[in-house]
Structures are given as structure tokens and as C-alpha cells.
Amino acid sequence: MFITIDGKPCECAEGEFVLAAALRNGIDIPRLCHHAALPNQASCRLCLVEIMENGVKHVTASCSYPVSEGIEVVTRSQELQKLRSGVLALLKERAPASPEISALCEKFGVAGDKRFFRDTNERCVMCGLCTAACKLLGASAISAAFRGVDKKISTPFGEMSPACIGCGACARVCPCGAIPLTESGGAREIWGKSFELVRCPACGKPFATREELAFLAKKFALPPEFKGLCRECQRKETVKKMPELRNAIAAYPSGSAK
Amino acid sequence: MPAKSVYICCDTGCTAAGGGLLASAFAAKLKNSGAACDLAPAAKRTGCHGLCEFGPVVRVEPENISYYQVRPEDVDEIYEKTIAGDEVIERLLYKDPFGKQFKTAAENPFYIPQVKIALRNVGEIDPLDMEEAVARGVYQALAKALEMPPEDIVDEMEASGLRGRGGAGFPTGKKWRYCAASKSDIKYVVCNCDEGDPGAFMDRSILEGDPHSVLEGIAIAAKAVGARQGFIYVRDEYEGAVRHAAAAIAAAQARGVLGRNILGSDMDFDIKVIRGGGAFVCGEETALINSIEGRTGEPRVKPPYPASSGLWGKPTLINNVETFANVAAILHSGAQKFREIGTRNSPGTKVFCLVGKIRRTGLIEVPMGITLRRIVYDIGGGMMNSRPFKAIQTGGPSGGCIPEALLDIEVDFDSLAEAGGMMGSGGMIVMDSCTCMVEFAQYYVKFLSGESCGKCTPCREGLRKLDAILTDIREGKGRLSDIDLMEDICQTMRKASLCGLGKSAPNPVLTALRHFRAEYVEHVEEKYCRAGVCPSLSAFHINFDACTGCSVCARNCPAAAIEGVKKKPHQINQSKCVQCGACRDVCQFNAVTAGRR
């Protein structure tokens with residue numbers, strides 16, 4: 001099916017969302033809570049667009065709006081600029097310590113009002129990506145606690161969580177660097193818990209927590225001799241296996257791939 | 001002996017006022033005194049009679065005599081005079097502020113403008129007795145529906161023009177049509193009783209007082225859309241509603257009205273009560289779905305709408321209690337009859353909870369199109385304490401305030417929205433001159449700050465900032481630019497929020513600014529709160545000429561700030577005063593007034 005984004009006809013597939021279609025067609029829409037590998041949060045409200053559908057115009061978050069034949073999407077307009085600035089000003093006041101938010105504010109010409117800063121050390125914008133990542137990988141060690149203006153991301157009761165495996169996925173997906181993760185002396189510290197780091201069997205650099213490897217082994221029923229590899233060595237290993245993989249793909253009977 | 005029976009209101013409000021004890025006292029008295037009454041049961045525990053302020057309410061039939069604020073001590077006298085005899089006890093009748101007494105509810109100005117559809121059985125039957133409901137015609141419409149093709153039921157609903165009574169006023173028939181058109185092996189019907197607006201208790205009173213009519217409405221909807229399982233989502237604080245709904249379901253199952261082959265038809269349908277945790281946001285339909293599924297009560301992104309993908313991904317029809325209570329009445333008497341009541345775009349009636357600074361508060365059902373003035377002055381009996389009317393709040397935290405100048409608008413979905421308010425689920429709070437419109441807006445902002453799910457930026461951060469600005473204004477630190485700033489934030493919240501709660505959250509602030517802007521400017525520029533509510537911007541004074549020295553104010557002052565000799569004018573020691581306003585409320589001579597500091 002075809003939709004138009006800022007006047008440009010874009011082909012897209014049933015079930016696709018407007019934001020994904022725009023990005024694929026080289027149209028950038030500001031966003032914080034979107035991650036291609038995670039379910040839509042639709043919480044930051046920066047990716048607002050105007051959608052003309054059946055003669056009715058409405059403003060909605062593009063990350064979670066499914067495409068349908070013939071809709072006309074506008075990603076830049078005076079009204080959208082005003083709404084985005086409004087949302088950014090609120091985010092700036094919530095998370096004044098986040099360089100990412102400051103950069104966005106600069107880009108869109110938004111000046112936050114210091115009078116309403118909540119906590120000058122705050123970086124979290126409550127986008128929800130961290131909890132979504134933690135849930136998707138299966139640990140569910142953190143989640144949103146409380147509601148309304150007091151809502152925050154926390155381990156249960158703010159205590160050290162036995163479910164946390166120290167994988168750091170939450171910190172990696174965070175768009176604002178709001179989750180402190182430190183590594184020193186062969187240990188990783190996150191969510192108030194210290195983890196011993198295991199050394200990569202190939203290069204000897206500390207790369208993952210013991211709990212993380214055990215979790216992976218259990219989740220994917222890996223053999224007991226599974227030791228894992230650091231990201232760098234994993235990449236080298238894959239490159240080494242490339243010819244083999246290429247042959248395997250070539251040998252695959254065409255048409256039977258699913 | 002004449003055939004008489006006694007209807008004792010045992011709705012939550014009257015029970016709190018002692019209705020339960022009273023009902024037991026009546027039952028014991030009637031049992032001990034033999035066959036004075038040949039109507040069984042002679043002493044009935046019913047749902048809400050409406051005039052909650054003067055509860056517990058007792059009605060004696062067939063004379064239709066209503067007694068108010070009845071105590072167990074009064075039972076003997078009522079028995080002797082009104083039940084065994086034909087005498088009316090005047091001291092227990094409703095007396096209006098001018099001393100006029102009313103024997104029956106039909107003469108009482110509180111009831112005269114009312115038309116009961118959704119409340120047709122509330123207060124008339126014992127909600128725990130299914131026989132009584134059946135005797136009043138409940139389940140006849142269901143029997144009729146079971147023989148109709150589903151499309152005809154939807155057509156009838158659409159023709160009636162019934163709009164969802166939960167707040168937004170979406171056409172019910174249209175909603176049913178969408179859900180009926182969704183193709184799926186499994187569909188669900190959900191009844192939303194997660195009423196949470198401050199001062200509202202319509203849905204509770206209906207489910208508590210007439211659960212069978214609600215079940216009937218749900219079952220008719222199920223037949224129309226093709227569902228086999230229904231849910232009633234009730235907030236757990238509604239103990240009576242939970243209990244009565246569960247008992248009604250059990251009774252209906254035992255009688256074959258729910259379960260397999262309902263009423264001998266080929267349709268299977270059952271209903272389950274789900275108890276909610278009391279989060280306001282769970283009244284939003286997609287948050288409610290999440291809650292039933294056992295997830296966090298956060299709204300989902302729409303589309304997909306529940307009518308195509310709701311509970312467990314299946315098409316789900318969600319209406320609120322009052323909407324379902326109208327369904328059977330419409331099917332029973334026909335869409336045309338229903339359209340004769342109300343306005344063109346909002347047919348039928350609306351149940352409101354009329355509360356605040358008026359003389360008569362309680363549960364009312366009025367035809368759409370009635371003016372707010374009639375509601376406040378005819379039904380509500382006008383303002384209490386002869387203080388002037390200031391505004392009426394409609395629609396709860398999603399609604400707004402309507403000033404005196406707009407009291408003559410006809411109440412329906414469209415006119416209230418035009419005035420900046422909202423029909424909402426039906427709370428109506430009348431405010432007098434002692435209400436500060438800045439504090440009013442902050443009350444709702446604070447309420448929503450705690451009740452928002454906190455998921456999306458505009459709602460969560462917008463409410464926080466509005467609260468901060470309003471606090472500044474109330475403390476005398478506000479700036480004139482803050483008023484425009486608040487309007488900007490409100491517009492962002494309105495357009496950028498994820499769900500209906502966030503989109504409508506700025507309404508109390510926006511309407512207060514629209515209708516009472518001068519009061520905001522006064523707070524900012526003159527540092528003055530004329531209502532005497534904001535402590536930093538006002539002080540209470542005693543008018544020496546009006547004060548008789550009765551010292552009632554001094555006795556009621558929690559801070560012992562009022563000094564003076566009896567029979568001589570008193571004085572407020574401003575350094576001790578905590579500005580609670582108790583002195584102003586108790587003064588019989590209007591000698592205590594709010595003024596500048």
C-alpha cells in the first residue's frame with residue numbers, strides 16, 4: 001500500500017507503523033522512546049505527526065500509528081513544532097541533567113524554565129524502554145513503581161533485586177543515559193548491586209556477569225561447556241565462519257526459505 | 001388491616017447514616033406485632049431513594065409517605081401511627097427551608113422535575129431479591145432480544161440515539177455495530193463500574209440498587225454483538241455494589257437467566273465480577289482491559305480500538321453501568337419512546353450526583369435538556385447559608401466549571417462541552433462564593449497528579465508543572481505570564497497526551513481561566529484571594545457591627561485564635577489564626593468575612 005509522508009509517496013506494508021515507514025524513507029522524526037527491537041512505548045510524545053485520514057486531521061504519535069492505504073502524514077508544521085516544543089520544555093524541566101534532552105532543546109529552540117526544575121540531577125524521562133528490554137529478555141528485574149507524577153523506575157521496593165542479572169540491557173537502551181552502570185576492577189555495578197565480571201575465554205577481557213551467562217545458558221538450553229565470548233571476539237568468530245555460512249546459505253534449496 | 005409495606009433505603013449512604021440498623025428494627029417490630037402487613041416482605045431494604053442528605057429514608061406504601069432522618073427509636077411510633085393507623089408523623093416529613101412540609105415524594109420539589117429510566121427500579125425493589133426485579137419487568141426485554149436477530153437490536157440502539165453515559169457520549173449503537181462487525185470466535189462484553197470522580201456515585205447506586213437491570217443490559221449487548229462472556233469491573237471500595245452484583249449473578253444463574261441456554265434459548269452467556277484496585281485511570285477503557293488481564297493499569301494506544309481488539313486481543317464491547325441500565329428500557333418501550341425524552345442529539349435522561357453548597361443533595365435523574373438553573377434551584381433547593389452561587393462543576397476531573405451566566409444552558413453532551421465543561425459520568429458540585437477558583441483548579445490538578453498513570457510526558461509532567469504554577473499563584477509568587485504559560489501547557493496536554501484522561505485533564509484549569517480569569521489576575525497582581533481560601537493572600541476578620549458576641553466561633557476555632565468577652569464583639573488574633581474558615585462557617589450572623597491580609 002501507499003501512504004504519503006510530507007508529500008512523498010511511500011510504499012509500506014500492512015501492520016507497519018508510520019514512524020518506521022518514515023525512517024525507511026529517509027524522513028527523520030524526533031523520538032526518544034522508540035527502539036526498533038522493543039515494543040512501542042508511545043510515551044515520550046515527541047514523534048507526533050498530523051495524519052489526514054478520511055478527510056479528518058488528527059495529531060498522534062507516529063511510532064504506534066498503524067499505516068493504512070492513502071493516509072497523508074505531515075511531520076513538520078507550525079502546530080507540530082509548537083506541540084513538540086511544549087513536550088520538550090516539559091522534558092527539560094523533568095530531566096535537566098540529560099545532555100540528550102538539552103541537545104534536542106537546542107535543536108528545536110526550546111528554553112526550559114529553571115523555576116520548575118524538579119531535580120537538577122535527574123536524567124530519566126520515564127520512556128519505559130529499560131523495563132521493556134528487561135521484560136523482553138526475561139529477567140523483569142525492574143519496572144515502573146507508583147503512579148502519576150511520582151512514577152519512577154525501580155527494582156521491587158528499591159532494594160537489590162535477586163532477578164537482576166546485571167546484563168546492563170536497560171542502561172544500553174536508555175536514550176538519556178539515566179541508568180548508572182559502572183565497571184572497575186573486574187566488577188560491574190548497576191541498580192545498587194555488584195556483579196563479578198567473567199573474562200572472555202578468547203581475549204581475557206572482563207565482558208559479562210556470571211549471572212548473565214547462567215541466564216543465557218538456561219534460557220537457550222546451552223551446553224554446560226558454554227563460556228560465551230566478548231562482543232569483539234564474537235564478531236571475529238563470525239567473520240571467520242563467514243565462508244562456511246555463505247556456503248551453507250548457497251546450498252539451501254531456493255524457495256524453501258521461510 | 002390495610003396492606004402496607006415499608007421501604008427502607010439501605011444504599012451505602014443511608015447505611016452509613018444507620019439505615020441497616022433501622023431496617024433490622026423494622027423487621028423485628030413487624031415480626032413481633034403479627035400480621036399488620038400482608039405485603040411480603042413488609043420491610044424492604046431497597047436501593048437509593050435519592051435525597052441522600054436526609055437519610056436514612058423510609059417510605060410507607062401504599063400512601064407513599066416518605067420519612068427522613070429516621071432513627072431506630074422512631075420505629076415504634078411509625079408502626080403505631082402510620083402502619084397500624086393512618087396518621088402522618090409530621091416531624092419526620094421533609095421540610096423545606098421555608099418550613100413547608102411534604103408528605104409524599106411526588107410533592108417534593110426535589111423529585112418533581114425528575115424522570116426515571118436508568119433508576120426505574122432503584123429504591124423500589126430489594127436488590128437482593130430477584131423475584132421483585134422480575135415482578136417489575138426485568139428480563140422481559142432480554143427475552144424479547146433473544147428472539148430478535150442481532151442486527152435488529154443494534155438498529156434499535158442506534159435509532160434510540162443513546163450515547164455512552166460514562167463521559168465521552170459516544171453513540172452506543174455505533175459502538176455495538178463496530179463490535180458486532182468484528183469477526184472473531186470469542187468476544188467479550190465489559191460493564192465499567194470503575195466510577196472515580198470526586199463526588200460521584202451514580203453507577204454505584206444503580207448497580208447496588210438494581211443489579212438485575214444491569215445484568216439484563218449486558219446480556220442484551222452480548223446477544224447483539226455475539227459475546228458469550230461478560231465482566232463487570234467494579235472498584236473494590238464499592239463493597240455493596242460488588243456484593244449485590246455477585247448475588248444477582250448467582251440468582252440469575254440459578255434461574256437460568258445466565259449460564260447455558262439462557263432463558264431456554266440457544267445462547268450461552270455468563271457474567272463475572274472483577275474487583276478493581278481503585279485506580280481512577282482504570283475507568284479508561286484500555287487501562288481497564290489491562291487491569292482485567294492482570295497488567296498494570298495503563299492505557300493502550302488506540303487504534304486498535306477495543307471493539308476490534310480488546311480483552312486478550314478479542315473484540316470487546318465496553319459500556320458503563322448507566323448505559324447498560326438504559327438498554328433494557330429502550331428495547332422494552334422502543335427507540336421512538338426513548339427519543340421523546342431529552343434533546344435531539346442527546347435523547348433520554350441522565351443520572352447526576354448533585355452535591356455541594358446547596359440545600360438538597362443526592363442522586364437525581366433528569367431529562368436531557370433541563371437547565372442547570374432548574375437543577376440547582378428547583379431540585380437542589382438553591383444555595384445553602386444564603387451565600388451567592390459561584391459555579392457548578394460538572395464531569396469530574398475531566399470536566400470544568402460553569403459560571404452563573406451559563407446556568408440557563410440546557411444540559412446535554414454538546415452544550416456542556418461548548419461551555420467548556422463535560423457531561424462526564426455525572427458528578428455535579430455546586431460551589432458558592434467561598435470557593436477560590438485557583439484552589440478549585442489545583443484540587444483537580446492534584447487529584448489527577450496522583451491518579452494519572454504517569455506513562456506519557458504531557459499528562460505526567462504537565463500536571464506537575466500546573467501544580468507548581470498554581471502553588472506559586474496561591475502563595476503570592478505568581479506572575480501574570482504564568483496564566484498564559486498554563487494555557488500553553490493545557491493545549492500541549494490536550495493534543496499530545498496518550499489517552500482520554502490526559503487529553504481532558506487540563507479542562508478544570510482551562511474552564512477556570514476562561515470563566516474566572518479576573519480572579520487569577522487578582523491573585524497575581526493584587527495578592528488577594530477574595531474567597532478567603534488561600535492563606536497567604538487573605539485573612540478572616542470579624543465585623544464588629546454584626547458580631548453579637550455569641551462566641552460560637554471561639555468555641556469552634558481549632559487554634560484558639562478568637563478572643564473576646566461574651567456578648568461583646570470578638571476579634572481574631574491573626575498571629576494564631578490557621579485560616580481554616582471554621583469561624584465563617586459557624587457564624588449565624590455573617591459577621592466573619594474574608595478580606596485582605
Side-chain angles (χ1 to χ4, degrees), chain A residues 15 17 32-33 39-48 50-51 53 58-68 79-80 82-95 101 112-113 115-119 122 125-128 131 135 143-153, chain B residues 277-282 286-287 295-304 308-309 445-469 471-472 477-479 481-482 485 487-499 501-503 505:
Chain A
F17 295 104
L32 281 170
C33 71
N40 290 323
Q41 302 301 307
S43 62
C44 77
R45 315 307 283 176
L46 274 182
C47 70
L48 293 173
E50 284 170 10
I51 290 180
E53 193 172 13
H58 59 110
V59 173
T60 191
S62 58
C63 67
S64 52
Y65 200 83
V67 295
S68 57
E79 193 196 356
L80 288 174
K82 198 167 176 223
L83 288 175
R84 260 180 217 143
S85 300
V87 172
L88 267 176
L90 291 172
L91 285 173
K92 173 80 184 165
E93 282 152 29
R94 178 190 167 90
I101 299 292
D113 192 341
R115 186 171 148 215
F116 301 106
F117 277 8
R118 189 176 87 140
D119 173 352
E122 182 65 270
V125 292
M126 288 296 306
C127 71
T131 59
K135 190 176 168 191
S143 76
F146 305 109
R147 63 174 184 238
V149 296
D150 300 321
K151 196 171 199 168
K152 61 172 191 174
I153 304 297
Chain B
F280 180 72
V281 68
C282 288
T286 56
R295 299 169 200 271
T296 313
E298 284 178 355
R300 294 179 181 176
V301 176
K302 291 192 262 190
S308 57
S309 171
V445 166
K446 276 195 188 297
F447 176 85
L448 289 167
S449 301
E451 292 294 343
S452 151
C453 79
K455 180 172 172 167
C456 76
T457 310
C459 178
R460 183 189 64 239
E461 302 304 325
L463 284 167
R464 188 185 66 80
K465 191 165 171 184
L466 285 177
D467 188 23
I469 298 173
T471 301
D472 273 7
K477 293 184 279 195
R479 308 167 189 173
S481 59
D482 285 350
L485 182 59
E487 273 175 343
D488 282 350
I489 298 167
C490 288
Q491 290 309 334
T492 305
M493 291 170 72
R494 218 176 205 188
K495 290 189 180 135
S497 292
L498 172 71
C499 80
L501 187 147
K503 285 183 204 288

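First the proteins, then the strands, lettered A, B, ... as listed; each starts at 1.
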Would you say NZ of A:K151 has more than 12 non-hydrogen atoms from neighbouring residues, nucleotides or ligands within 6.0 angstrom? yes
Tell me, side chain or backbone of B:D472 under 4.5 Å from chain A's heavy atoms, or both, or neither? side chain
Go through B:T457 and A:M126 one step at a time and tell me if the side chain to side chain contact (heavy atoms under 4.5 Å, CB included) criterion holds. CA-CA 8 Å; B:T457 310; A:M126 288 296 306; over 6 Å; no
Taking atom NZ of B:K302 and atom OG1 of A:T60, what is their separation to the nearest 0.5 Å? 11.5 Å
Counting heavy-atom pairs closer than 4.5 Å to chain B, which one of A:H58, A:R94, A:K152 comes out on top? A:R94
Where is the tightest heavy-atom contact between A:S64 and B:V301, given as atom of each residue plus distance? OG-CG1, 3.4 Å
Given heavy-atom pairs under 4.5 angstrom as the criterion, report whether the side chain, backbone, both or neither of B:Q491 touches chain A. backbone
So what's closer than 4.5 Å to chain A heavy atoms on B:K446: side chain, backbone, both or neither? neither
Distance-minimising heavy-atom pair for A:V87 and B:P458: CG2-CG, 4.3 Å
Please flag which part of A:L48 lies under 4.5 Å from any non-hydrogen atom of chain B: side chain, backbone, both or neither. side chain
Atom group of A:Q41 that falls short of 4.5 Å from chain B, counting heavy atoms: backbone
Under 3.5 Å, is there a donor-acceptor pair between the side chain of A:R115 and the main chain of B:I469? no
Indicate the atoms forming the closest heavy-atom contact of B:R464 with A:F116, along with that distance. NH2-O, 3.3 Å
Hey, which of A:L91, A:D150, A:D113 has the most heavy atom pairs under 4.5 Å with chain B? A:L91
Can you tell which part of A:A61 gets under 4.5 Å to a heavy atom of chain B, answering side chain, backbone, both or neither? neither
Look at the side chain of A:R147 and the backbone N and O of B:S452, then say whether any donor-acceptor pair between them is shorter than 3.5 Å. no
Check each atom of B:S497 against the heavy atoms of chain A and say whether the ones under 4.5 Å are side chain, backbone, both or neither. backbone
Can you see which heavy atom on B:D488 is nearest to which on A:K82, and at what distance? OD1-NZ, 4.0 Å
Identify which of B:G462, B:C459, B:C456 forms the greatest number of heavy-atom pairs closer than 4.5 Å to chain A. B:C456
Report the option among B:E298, B:K495, B:M493, B:K465 that has the most heavy-atom pairs separated by less than 4.5 Å from atoms of chain A. B:K465
So does B:E461 pair up with A:R45, basic N to acidic O under 4.0 Å? no
